[in-house]
Amino acid sequence: MSIEKRNLWIMWICNFIIAASMTMVLPFLSLYISTFGDFSAEYVQRWSGFIFGVTFVTAFFMSPIWGRIGDKYGFKPILIINGLGIASSIFLMGFMHHVHGLFLLRLVMGIVTGFIPTSIALIAKQTPKKEAGETLGTLQMGTVSGTLFGPLIGGVMADSFGFQYTFIITSLSIVLATMVVIFGIVENSNGLNKVKERPSRKAVIQLILRRRMLVSVMAIAFIVQAGLFSIQPLLSLYVSQLTKADSVAFLSGLAFSATGFGNLLLTRKWGKLGDEIGFDKVLMILLVLSAVLIVPQALVTDLWQLVILRFLFGMAVGGMLPCITAYIRTEAPFELQGEVLGYNQSFRFLGNVVGPVIGGVLSGYIGISSVFYVTGFLFLLAFGVLWWSSKQSEAKIKEIY
């Protein structure tokens, strides 16, 4: 097995562990906050939102910085720093007794929440362009798998061992993944990390802005994340409206997991198709499919209908990230790919913050169903932007030749 393939499967395993570990604590975050004192439900919900979102705010600013450092010094050291940083933050969360300390730790955790994006940059940089889509699709399957099983494992551990021990066990599992990186990953810098004069951050931003398609795919990354996260905080409430069963939490998890299982089924195949016909074309197909599949979710009358539509929606939306990353891999200069991918990750983190805000405001004024309609419109808008950018790029190439 080649070093590149070996690195891919090692990072698959590590991303599974990291993604599972980071989502283990999410199901009981509000319950953990309620143990700090006799708080009102409104207080707990408000601080749950703050504590959940603040990680993505700091991660938004740090992603390009980590990417720039990785381009210069290599991505393996960044993986190690981020892995140990996440593990330390989660470990200390188990010993918190007030919301302000937990908020601060989640803030710090955002600084080092770059393990998975950095792993993508590492694998993308060492993958031949003709195989980028399939390879990155394979890598994403590890992240999606961990995200699916993490909340379930975390819930079981919290019920069995209590909150504190769950945080401790979670942090130890992240340390294990980091040790696998230290002893298992072999990074080949190809001598490019020794370049003395690197473009400034301003020059890199100008490079991105000059390439219309790069800006378009980053905007799409933002829209996709905002669309996904706009409904996630409201999903359990929406499920409770569709069923009279007592096990709303379990059924909400089922509806959430359906999207992930759809992801797993076709993510790699969409990436491979992008390798064959072009990532921009596949992105256009996926944006239209996602719009078509998310709007009917506002019209369902029974839970099983929602689960099926969420599954089909996951099959479409799951192929977007590998195609976006692979496109950036083919368009960005080799020595700047980490930083450019970092800016793309910042757009995604921004979507994680903006999405729940949009969903909360819309559902409060118009109802939860409106969130599906608006997200569908955003996907179609993104399709229009990508189609226009693609046509403009083609026309520019014809002018040159």
Side-chain angles (χ1 to χ4, degrees), residues 5 7-24 26-27 115-117 119-120 123-124 127 131-156 173 177 220-221 224-225 227-229 231-232 235 239 250-276 279 282-283 285-294 297 303-327 345 348 351-352 375 379:
K5 290 292 183 183
N7 284 347
L8 170 63
W9 290 110
I10 288 175
M11 291 315 310
W12 194 103
I13 295 169
C14 292
N15 280 7
F16 174 87
I17 296 172
I18 295 291
S21 299
M22 292 184 66
T23 55
M24 279 180 192
L26 296 182
F115 188 97
I116 291 175
S119 74
I120 293 173
I123 299 301
T127 301
E131 301 174 5
E134 184 179 6
T135 299
L136 294 170
T138 302
L139 183 63
Q140 191 190 358
M141 289 171 64
T143 304
V144 173
S145 301
T147 304
L148 280 175
F149 291 107
L152 177 63
I153 297 170
V156 171
S173 66
I220 289 168
V224 170
Q225 290 300 115
L228 289 172
F229 275 71
I231 196 61
Q232 282 189 13
L235 200 58
V239 168
F250 170 76
L251 294 173
S252 299
L254 180 64
F256 174 80
S257 297
T259 306
F261 282 116
N263 263 253
L264 282 177
L265 193 62
L266 285 186
T267 291
R268 187 181 184 190
K269 295 184 183 298
W270 286 124
K272 187 174 183 180
L273 182 62
D275 290 330
E276 295 171 357
F279 302 111
V282 175
L283 270 175
I285 295 170
L286 294 178
L287 285 166
V288 173
L289 280 176
S290 297
V292 169
L293 291 168
I294 199 169
Q297 295 177 38
L303 180 61
W304 66 268
Q305 298 169 349
L306 179 65
V307 171
I308 291 174
L309 285 170
R310 296 293 294 175
F311 174 74
L312 295 173
F313 174 70
M315 291 171 64
V317 79
M320 292 188 190
L321 178 58
C323 286
I324 289 171
T325 307
Y327 182 84
Q345 188 63 34
R348 295 185 65 221
N352 293 352
T375 302
F379 284 145

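Side-chain atoms are counted along with the backbone in the values below, which use heavy atoms only and exclude waters and symmetry mates.
Distance check: L264 CG to Q140 CD gives 9.0 Å after rounding to the nearest 0.5 Å. Here the CG-CG distance, from L286 to L293, works out to 10.5 Å after rounding to the nearest 0.5 Å. To the nearest 0.5 Å, atoms CG (L136) and CD1 (I120) are separated by 7.0 Å. Of the inter-residue distances, the one linking M11 atom CE with I123 atom CD1 reads 6.5 Å to the nearest 0.5 angstrom. Interatomic distance, CD1 of I294 versus CG of L289, reported as 12.5 Å (0.5 Å rounding).
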What verdict does the side-chain contact (heavy atoms from CB on, under 4.5 Å) test give for V282 and F279, after you've listed the backbone C-alpha separation in whole Å, the side-chain angles of each residue and the deciding distance to 0.1 Å? CA-CA 5 Å; V282 175; F279 302 111; 5.7 Å; no
What's the verdict on side-chain contact (heavy atoms from CB on, under 4.5 Å) for N15 and F115, showing C-alpha distance, side-chain angles and the deciding distance? CA-CA 8 Å; N15 280 7; F115 188 97; 3.6 Å; yes
Intermediate values then yes/no, side chain to side chain donor-acceptor pair (under 3.5 Å), T127 and T135: CA-CA 8 Å; T127 301; T135 299; 4.5 Å; no
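Side chain of D275 to backbone of G133: a donor-acceptor contact under 3.5 angstrom is found. For S119 (side chain) and I116 (main-chain N/O), a donor-acceptor pair under 3.5 Å exists by modelled atom type.
Residues satisfying the side-chain hydrogen bond (donor to acceptor under 3.5 Å, both in side chains) criterion with T138, sequence neighbours excluded, are R268. In this structure V292 satisfies the side chain to side chain contact (heavy atoms under 4.5 Å, CB included) test together with V288, sequence neighbours excluded.
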Which pairs of donor and acceptor atoms, one on a side chain in residues 303-325, lie under 3.5 Å apart (sequence neighbours left out)?
from, atom 1, to, atom 2, distance (Å)
Q305, OE1, T301, N, 2.8
Q305, OE1, T301, OG1, 3.3
Q305, OE1, D302, N, 3.3
R310, NE, T259, OG1, 3.2
R310, NH1, Q297, OE1, 3.1
R310, NH2, T259, OG1, 3.4
T325, OG1, L321, O, 2.9

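In terms of heavy-atom proximity, A177 sits nearest to C14 at O-SG, 3.5 Å. Smallest separation of non-hydrogen atoms from F379 and L287: CB-O, 3.7 Å.
Relative orientation of the W12 and F16 rings is parallel, given thresholds of 30° and 60° on the angle between their planes.
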